[in-house]
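Remarks on the structure that follows.
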Amino acid sequence: MSINNKKRDDNRSFDELRPIKIEAGVLERADGSAYLEVGGNKILVAVYGPRESYIRRLLKPNTGVLRCKYNMAPFSVDDRKRPGTDRRSTEISKITAEALRPALLLENYPRSMVDVFIEVIEAEGGTRCAGITAASVALADAGIPMKDLVVACAAGKVNDEVVLDLSESEDKEGQADVPVAYMPSTGEITLLQSDGNLDREEFSKALDLAIEGCKTISEIQKEALISKYNE
Ligand code: UDP
């Protein structure tokens, strides 16, 4: 159902997600994996573990440790991105681990490591949310016990309207972006960022819209896992 009939640059209504597709278990050598497309984003996630790590200082005696690495391919954006880690990818790796960790029952795996590699092959706005959504499916595919699948989606403000799931042009030209990660079964929010200017009412509207988007995407995550394990 649309909030109203006004349309955006790509003809979506204000509360409409971009087309999204998720596939689980796409890599042979990873313990778990997922491929996700949303709008023009193409994202591949590989999960390894729980496994021993040669970096002993990172291990903990009473719980497993989650490490996430977000990487954008140099060819994933119009202006070639310099390869390697930068401030932005370091931040996104950190917030991704923080968004996913509350869902994982890592205390079952003391002195072990779970590694999540998020590779952005093509980017078109909202890659941090898409990466979290795909990583969660890949973690489930790896068989890691979880309280719930974490799902992420952003809302924001463009042309003075609160809208769902910003595209790259909306992200760049818009007034605000609010990425949210969410666990539908408990209602817990595991990531909430806000970039730009929103008043209290707009913020609350953006948060509600992002959560509705998360609920829709969560069904697509589940379908991806069901179709893999029904093969
Ligand atoms: N982007 C880009 N070059 C970069 C980083 C980002 O063109 O070096 C684009 C890309 O499409 C990305 C968007 O800008 O999805 C928005 O980036 P932001 O940092 O807001 O993170 P995201 O929305 O992807 O989570």
Side-chain angles (χ1 to χ4, degrees), residues 8-10 12 14-22 34-45 68-101 116-138 149-159 161-182 189-198 202-203 206-207 209-214 216-218 220-221:
R8 296 149 72 176
D9 282 356
D10 55 7
R12 277 185 291 153
F14 297 147
D15 61 347
E16 192 176 336
L17 291 166
R18 290 171 288 180
I20 175 163
K21 119 179 164 189
I22 309 177
Y35 174 70
L36 178 147
E37 289 182 6
V38 54
N41 293 307
K42 294 189 169 69
I43 294 181
L44 192 56
V45 178
C68 294
K69 187 151 175 52
Y70 166 102
N71 181 54
M72 237 174 158
F75 51 80
S76 66
V77 283
D78 284 339
D79 293 330
R80 177 182 178 277
K81 190 206 155 279
R82 198 161 171 244
T85 307
D86 55 18
R87 282 172 62 115
R88 178 176 173 278
S89 65
T90 303
E91 179 232 346
I92 297 180
S93 298
K94 177 177 183 288
I95 58 107
T96 298
E98 287 168 0
L100 294 168
R101 198 179 288 115
V116 177
F117 296 94
I118 299 170
E119 297 292 329
V120 179
I121 301 160
E122 283 191 1
E124 199 244 333
T127 58
R128 75 193 59 210
C129 290
I132 291 167
T133 299
S136 194
V137 173
L149 287 167
V150 177
V151 52
C153 181
K157 186 175 165 187
V158 180
N159 295 328
E161 298 285 354
V162 175
V163 300
L164 180 62
D165 188 24
L166 276 63
S167 65
E168 185 180 84
S169 61
E170 289 177 328
D171 189 320
K172 286 188 174 149
E173 288 150 28
Q175 295 138 294
D177 183 24
V178 182
V180 175
Y182 178 73
I189 290 173
T190 60
L191 168 72
L192 178 57
Q193 296 188 294
S194 185
D195 182 10
N197 292 317
L198 292 167
E202 288 164 342
F203 178 79
L207 183 56
L209 205 50
I211 288 175
E212 284 312 308
C214 285
T216 306
I217 299 171
S218 138
I220 300 165
Q221 285 180 309

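Numbering of ligands and ligand atoms starts at 1, following listing order. One-based numbering along the sequence shown.
- Ranking the protein heavy atoms by distance from atom 14 (O) of ligand 1 puts Lys172 CE, 3.8 Å first.
- Residues Ile189 and Ile211 form a side-chain contact, since some pair of their non-hydrogen atoms from C-beta on lies under 4.5 Å apart.
- Heavy-atom proximity to atom 8 (O) of ligand 1, evaluated over Glu91, Lys81, Arg80, is greatest for Lys81.
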Verdict with reasoning, Gln175 to Glu202, per side-chain hydrogen bond (donor to acceptor under 3.5 Å, both in side chains): CA-CA 11 Å; Gln175 295 138 294; Glu202 288 164 342; over 6 Å; no
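- By the 6.0 Å contact criterion, CG on Asn159 is open, its count of non-hydrogen atoms from other residues, nucleotides or ligands being 12 or less.
- Ranking the protein heavy atoms by distance from atom 12 (C) of ligand 1 puts Gly125 N, 3.8 Å first.
- Here Glu124 has backbone heavy atoms under 4.0 Å from ligand 1, and that is the only part of it that gets that close.
- In summary, the atoms of ligand 1 found under 4.0 Å from a heavy atom of Ala123, numbered by their order in the structure, are 10 (C), 11 (O).
- Closest heavy-atom contact between Val45 and Gly131: CG2-O, 4.2 Å.
- Side-chain contact between Tyr182 and Ile217: absent, with no pair of heavy atoms (C-beta onward) separated by less than 4.5 Å.
- Between Ile95 and Arg128 there is a side-chain heavy-atom pair separated by less than 4.5 Å.
- Here the protein heavy atom with the shortest distance to atom 23 (O) of ligand 1 is Gly126 N, 2.8 Å.
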side-chain hydrogen bond (donor to acceptor under 3.5 Å, both in side chains) between Asn41 and Glu124, intermediate numbers included: CA-CA 5 Å; Asn41 293 307; Glu124 199 244 333; 5.1 Å; no
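- Closest protein heavy atom to atom 3 (N) of ligand 1: Val77 CG1, 3.7 Å.
- Checked against a 3.5 angstrom limit, the closest N/O atoms of Arg128 and ligand 1 fall inside it.
- Among all non-hydrogen protein atoms, the one lying nearest atom 24 (O) of ligand 1 is Thr127 OG1, 2.5 Å.
- Around atom 17 (O) of ligand 1, the closest heavy atom drawn from Glu168, Arg88, Gln193 belongs to Arg88.
- For atom 16 (C) of ligand 1, the closest non-hydrogen atom on the protein side is Asp171 OD2, 3.4 Å.
- Counting heavy atoms from C-beta on, the side chains of Val77 and Met72 come closer than 4.5 Å.
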